[in-house]
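Please read the structure below before turning to the comments.
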Number of protein chains: 2
Amino acid sequence: MTGKPKWLTSTAIWSTRVSLARIDNKWTAMVVLALGKGGLRFGDLRVRIGGISAKMLTETLRDLERDGLVARHIHAEMPPRVQYELTDLGRSLYKPLQAIGRWAEEHTAEVLAARDAYDARQ
Amino acid sequence: MTGKPKWLTSTAIWSTRVSLARIDNKWTAMVVLALGKGGLRFGDLRVRIGGISAKMLTETLRDLERDGLVARHIHAEMPPRVQYELTDLGRSLYKPLQAIGRWAEEHTAEVLAARDAYDARQ
DNA sequence: CAGTATCCTTGCGGATACTG
DNA sequence: CAGTATCCGCAAGGATACTG
């Protein structure tokens with residue numbers, strides 16, 4: 001994410017890599033999926049995702065905001081309220097991401113079975 | 001990938017996390033995408049993907065084989081030929097993954113523009 | 001050709017403490 | 001509440017050398 005490596009020639013591959021690298025972040029996809037049904041505030045987002053530290057959630061949200069996938073709305077109150085929601089661009093990624101999520105739910109059992117079989121063979 | 005953390009309660013979320021963790025590997029998605037159009041041997045796969053070390057390609061392929069997404073065919077010749085191809089399970093993941101790839105190609109320009117705008121603002 | 005073995009660096013990401 | 005700041009361990013993964 002810090003610049004295009006010299007060995008890269010194809011922009012198609014590079015652009016694919018860029019978005020995969022976005023997802024690669026391990027938390028990014030989870031955040032987009034969590035925001036898919038509507039905006040959430042920082043704390044709720046953290047609970048919803050589960051297992052993410054404040055640091056990682058902040059960094060992930062900043063990256064997503066920077067890339068134009070998430071919008072941040074600050075309500076100047078005390079205590080502060082910060083609402084995060086997907087932009088149009090973010091929503092356009094939500095659908096394909098959801099398809100991956102569905103694939104996971106449908107095929108995890110198969111994957112785990114394959115894994116057990118493979119391990120038993122060794 | 002080494003066991004279910006104690007803090008996790010929802011299996012739906014967990015299964016999502018499992019497959020995202022698969023993709024998370026940074027190279028896994030690239031490999032599945034590269035094999036989508038048909039089988040490839042180790043060397044060709046490496047060239048096709050680009051920028052991946054032999055070590056990482058080997059590890060990624062073993063993981064995918066273990067999870068039942070990729071099949072490995074060894075042709076006992078000299079020099080050896082090893083062909084990799086997607087299983088039915090692997091092919092079922094290919095489609096949603098391809099959707100992500102398409103999203104990338106279509107929206108990378110927007111993402112980069114948003115990124116530049118964000119950076120200019122700082 | 002298709003790996004394996006080994007070493008070594010980098011940075012992800014958790015834990016903790018603090019603030020507007 | 002919604003972060004920031006700092007420290008730090010560990011493992012991902014690159015480079016290099018070697019092998020059936």
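All values below were derived from every heavy atom in this structure, side-chain atoms included, with hydrogens, water molecules and symmetry-related copies excluded. Below, chain A is the first sequence line, B the second, and so on; all start at residue 1.
- Under the side chain to side chain contact (heavy atoms under 4.5 Å, CB included) criterion, B:Asp88 pairs with B:Arg91, not counting sequence neighbours.
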Check: Nucleotide by nucleotide, 5' to 3', does protein get under 4.0 Å of the base (B), only the sugar-phosphate (S), or neither (-) in nucleotides 3-10 of chain D, counting heavy atoms?
Finding: SS--B---
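- For B:Ser92, the side chain to side chain donor-acceptor pair (under 3.5 Å) test picks out A:Trp103, with sequence neighbours left out.
- In terms of position along DNA chain C, the nucleotide closest to A:Glu59 lies nearer the 5' end than the nucleotide closest to the other residue of the pair A:Glu59 and A:Met78.
- In this entry the distance linking CH2 of A:Trp27 with P of C:dG11 reads 21 Å, nearest Å.
- Here D:dG13 presents its P atom at 13 Å from CD1 of B:Ile49, a figure rounded to the nearest Å.
- Distance, B:Leu57 CG to D:dA12 C1': 16 Å, rounded to whole Å.
- One N or O on the side chain of B:Arg46 and one on the backbone of B:Ile52 form a donor-acceptor pair closer than 3.5 Å.
- Phosphate proximity of D:dA2 to A:Arg41: present, with a side-chain N or O under 4.0 Å from OP1 or OP2.
- Here the CG atom belonging to A:Leu61 is positioned 10.5 Å from the CE atom belonging to A:Met56, to the nearest 0.5 angstrom.
- In this structure, CD1 of B:Ile52 is placed 10 Å from C1' of D:dG13, rounded to the nearest angstrom.
- The nearest heavy atom of DNA chain C to A:Met56 and to B:Asp44 marks one nucleotide each, and the one closer to the 5' end goes with B:Asp44.
- When the C1' atom of C:dG11 is taken as reference, atom CG of A:Asp63 falls 14 Å away, rounded to whole Å.
- Shown here are the salt bridge (charged side-chain N to carboxylate O under 4.0 Å, His left out) partners of B:Arg72, two or more places apart in sequence or in another chain: there are none.
- Shown here are the side chain to side chain contact (heavy atoms under 4.5 Å, CB included) partners of B:Gln83, two or more places apart in sequence or in another chain: B:Arg41, B:His73, B:His75, B:Arg81.
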Check: Starting at the 5' end of DNA chain D, what dot-bracket string do you get if Watson-Crick and G-U pairs under 3.5 Å are bracketed, crossing pairs use [ ], other-strand pairs use | and unpaired bases use dots?
Finding: ||||||||||||||||||||
Next item on the list: Quick one: do A:Ile49 and A:Trp27 satisfy side-chain contact (heavy atoms from CB on, under 4.5 Å)? Show the steps, please.
Entry: CA-CA 9 Å; A:Ile49 293 173; A:Trp27 295 118; 3.9 Å; yes
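- Put simply, the side chain of B:Thr87 gets close to the backbone of B:Leu69: a donor and an acceptor are under 3.5 Å apart.
- Here the rule is side chain to side chain contact (heavy atoms under 4.5 Å, CB included) with A:Val70, and of A:Leu89, A:Val32, A:Leu64 only A:Leu64 fits it.
- Per the geometry, CZ belonging to B:Arg81 stands 9 Å off P belonging to C:dA2, to the nearest Å.
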